[in-house]
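Input: a single structure, listed below in structure tokens.
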Protein chains: 2
Amino acid sequence: MVSKTPDQPIVAEIPEEISGLRMTRQRQEIYRILIEQRDHPTANEVFMRAKDRLPNLSLATVYNCLEALVQHGIIRQVNFERESSRYCPNLSEHGHFHDAATGGIHDVDFKPGFNLADVLELPPGAVIHDVEITLRGKLPSP
Amino acid sequence: MVSKTPDQPIVAEIPEEISGLRMTRQRQEIYRILIEQRDHPTANEVFMRAKDRLPNLSLATVYNCLEALVQHGIIRQVNFERESSRYCPNLSEHGHFHDAATGGIHDVDFKPGFNLADVLELPPGAVIHDVEITLRGKLPSP
DNA sequence: ATGAGAATTGGAATTATTCTTGATTCCGCG
DNA sequence: CGCGGAATCAAGAATAATTCCAATTCTCAT
């Protein structure tokens with residue numbers, strides 16, 4: 001009953017094609033890097049991590065691939081101040097907490113039932129397409 | 001009785017010095033531009049608006065002054081995606097709504113009693129220093 | 001007045017990102 | 001299998017915002 005399935009379903013989450021996006025070797029690899037280590041790497045960090053497996057990858061391609069993945073809603077681009085963009089495979093709506101001490105970035109989920117209109121004086125009639133919540137602070141040291 | 005005061009008390013709100021920040025001509029002018037037209041201009045927009053009155057102002061100085069004002073808590077720097085930084089004299093805690101249609105940026109106040117911990121699953125023990133809430137969407141056209 | 005420290009200037013340097021262009025790969029079809 | 005068009009990739013040049021730097025100018029307290 002399980003005879004046909006390989007014993008390592010590693011790429012289970014990496015489809016060959018998503019809504020018209022051709023999943024090339026580079027895109028797969030870059031996506032894999034993002035889900036493997038969910039630490040919100042920059043394009044350059046992704047580039048460095050990918051070099052092992054794709055020795056003649058170019059940084060421009062990393063940008064192209066990340067952009068393609070973002071456009072197709074497979075990953076999200078995260079910006080903090082004017083630092084380099086970072087990339088995040090967590091598609092659920094969430095915010096980001098930047099730990100001032102370590103520089104680390106942590107996803108912060110919204111509480112169930114979260115509703116913007118409950119906390120903000122929105123302009124009447126405004127339609128919200130996108131929300132970005134970023135926190136900066138410190139986590140307990142130990 | 002009014003003999004000694006000039007007839008145009010324009011700079012009423014612009015102190016000569018704030019908490020150790022020397023309010024030079026350039027800084028005053030730049031601050032004035034920000035409170036005069038609260039449309040979140042970029043450094044370059046500030047630069048262009050200031051040229052009338054300070055013909056040999058340099059863009060580097062605009063950046064320096066804006067930075068000084070930000071450091072001293074007199075204005076705030078606002079970043080949206082990776083666009084140029086914008087500057088805002090509204091010191092009360094608030095978010096920003098970007099109208100996709102017009103490109104305009106509008107301040108959005110928090111509702112009274114707003115509390116982050118009510119809406120976000122904050123990491124336990126986290127101390128928040130700063131919150132940034134950015135919305136993108138559309139306002140009713142008329 | 002004057003001298004030290006701060007601010008301003010203009011231009012050069014930096015950095016992340018995008019653009020350009022030509023080469024390569026992919027994919028359906030004969 | 002092999003071709004043609006389309007998509008993708010690579011490499012380096014180009015861009016844009018911001019910062020840095022060195023030289024001048026201001027300011028203010030003495």
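In what follows, chains are A, B, ... by sequence order, proteins preceding strands, each numbered from 1.
Remark: Ser84(A) engages Thr42(A) in a side chain to side chain contact (heavy atoms under 4.5 Å, CB included) (not counting sequence neighbours). Take Ala43(A) and apply the side chain to side chain contact (heavy atoms under 4.5 Å, CB included) test, not counting sequence neighbours, and it matches Val62(A), Tyr63(A), Leu66(A), Tyr87(A). Scored by the side chain to side chain contact (heavy atoms under 4.5 Å, CB included) test, Asn90(B) finds Arg38(B), Cys88(B), Ser92(B), His94(B), Asp107(B) as partners (sequence neighbours excluded). Listed by chain and residue number, nothing satisfies the side-chain hydrogen bond (donor to acceptor under 3.5 Å, both in side chains) test with Glu83(B) (two or more places apart in sequence, or in another chain). Every residue two or more places apart in sequence or in another chain was checked for a ring-ring contact (aromatic ring centres under 6.0 Å, His included) with Phe97(A), and none qualifies. Every residue two or more places apart in sequence or in another chain was checked for a ring-ring contact (aromatic ring centres under 6.0 Å, His included) with Phe47(A), and none qualifies. A search for side chain to side chain contact (heavy atoms under 4.5 Å, CB included) contacts involving Glu93(A) returns Phe110(A), Val131(A), not counting sequence neighbours.
An OP1 or OP2 oxygen of dT18(C) is reached within less than 4.0 angstrom by no side-chain nitrogen or oxygen of Tyr63(A).
Applying the salt bridge (charged side-chain N to carboxylate O under 4.0 Å, His left out) test to residues at least two apart or on different chains, the pairs with a partner in residues 39-58 of chain A are Glu29(A)-Arg53(A), Asp39(A)-Arg49(A), Glu45(A)-Arg86(A). Applying the side-chain hydrogen bond (donor to acceptor under 3.5 Å, both in side chains) test to every pair with at least one member in residues 111-134 of chain A, sequence neighbours left out, gives these pairs: Asp130(A)-Arg136(B).
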* To do: At under 4.0 Å between heavy atoms, which parts of nucleotides 7-15 of chain C does protein reach? Answer with one letter per nucleotide, 5' to 3': B base, S sugar-phosphate only, - none.
  => SSBBB----
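Aromatic pair His40(A)/His106(A): centroids not less than 6.0 angstrom apart.
We find that CD of Glu81(B) is positioned 18 Å from P of dA16(C), with the value rounded to whole Å. The distance between atom CZ of Arg86(A) and atom C1' of dT17(C), rounded to the nearest whole Å, is 15 Å.
Here chain B contacts DNA chain D (any atom closer than 4.0 Å to a heavy atom, that is under 4.0 Å), and the contacts span dA17(D) to dT27(D) from 5' to 3'.
Of the residues in residues 39-53 of chain A, not one places a heavy atom less than 4.0 Å from an atom of DNA chain C.
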